[in-house]
Amino acid sequence: KEFNLLTSASNNSSTLTRVTAGTPVKVIKVWESKGGGSWLLVSVLCQNFYQLFYKRGWVNIRET
């Protein structure tokens, strides 16, 4: 599933990038917020022209 990589563990934070389905993601940290939601700090491999680099950001995990 696609998701937005966010700058902080907040629903009001800015989007760093849109991560497409199938992109490898490395989980760095799990954080449980007081409101009952879970957040993951992840590292994602991104490509900009011919350069590959990692971006770190937050993902909100909601129970469905």
Side-chain angles (χ1 to χ4, degrees):
K1 181 176 174 178
E2 293 185 347
F3 63 90
N4 289 331
L5 191 65
L6 304 175
T7 56
S8 65
S10 167
N11 289 326
N12 299 325
S13 63
S14 300
T15 300
L16 290 169
T17 190
R18 181 85 176 153
V19 179
T20 59
T23 302
V25 174
K26 179 180 178 184
V27 177
I28 299 168
K29 182 178 184 176
V30 178
W31 180 67
E32 301 288 333
S33 69
K34 292 181 182 178
S38 297
W39 291 85
L40 300 177
L41 177 60
V42 299
S43 178
V44 178
L45 185 63
C46 298
Q47 183 175 0
N48 186 3
F49 298 102
Y50 296 109
Q51 294 180 325
L52 294 174
F53 56 95
Y54 286 95
K55 279 192 180 180
R56 285 187 178 185
W58 292 91
V59 179
N60 188 353
I61 304 300
R62 297 185 182 111
E63 291 185 27
T64 55

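Because the structure is a prediction, the values reported are computed rather than measured. Only this structure's heavy atoms are used, side chains among them; waters, hydrogens and symmetry mates stay out.
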Which donor-acceptor pairs under 3.5 Å do the side chains of residues 3-11 make with protein atoms, sequence neighbours left out?
{"unit_1": "N4", "atom_1": "OD1", "unit_2": "R18", "atom_2": "NH1", "d": "3.0"}
{"unit_1": "T7", "atom_1": "OG1", "unit_2": "S14", "atom_2": "N", "d": "3.3"}
{"unit_1": "T7", "atom_1": "OG1", "unit_2": "S14", "atom_2": "O", "d": "3.4"}
{"unit_1": "S10", "atom_1": "OG", "unit_2": "N12", "atom_2": "N", "d": "3.2"}
{"unit_1": "N11", "atom_1": "OD1", "unit_2": "N60", "atom_2": "ND2", "d": "3.1"}

Checklist entry - According to the salt bridge (Lys or Arg N to Asp or Glu O under 4.0 Å) rule, which pairs have a member within residues 6-16, sequence neighbours left out? => result none

Checklist entry - Which salt bridge (Lys or Arg N to Asp or Glu O under 4.0 Å) pairs, counting each pair once, include a residue from residues 20-31, with sequence neighbours left out? => result none

Next on the checklist: Let's go through S38 and E32 carefully: what are the C-alpha distance in whole Å and the side-chain angles of both, what is the deciding distance for side-chain hydrogen bond (donor to acceptor under 3.5 Å, both in side chains) to 0.1 Å, and is it a yes or a no?
Outcome noted: CA-CA 5 Å; S38 297; E32 301 288 333; 2.9 Å; yes

Item to check | Nearest heavy-atom neighbours spanning G57 and L16 | outcome: CA-CD1, 4.1 Å

Item to check | Heavy-atom closest pair, residues E2 and A21 | outcome: CG-N, 3.7 Å

Next on the checklist: Does Q51 have more than 12 heavy atoms from other residues, nucleotides or ligands lying within 6.0 Å of its CD?
Outcome noted: no

Treating Ile, Leu, Val, Met, Phe, Trp and Tyr as nodes and any side-chain heavy-atom pair under 4.5 angstrom as an edge, say whether [X] and [Y] lie in one connected cluster.
{"X": "W58", "Y": "V30", "result": "no"}
{"X": "L41", "Y": "W39", "result": "yes"}
{"X": "V25", "Y": "I28", "result": "no"}

Checklist entry - How is the hydrophobic cluster of L45 composed, in terms of its other members, when Ile, Leu, Val, Met, Phe, Trp and Tyr link through side-chain heavy atoms under 4.5 Å apart, directly or indirectly? => result L52, Y54

Checklist outcome for this item: Residues passing the side-chain contact (heavy atoms from CB on, under 4.5 Å) test with F53, sequence neighbours excluded, are C46, N48, K55

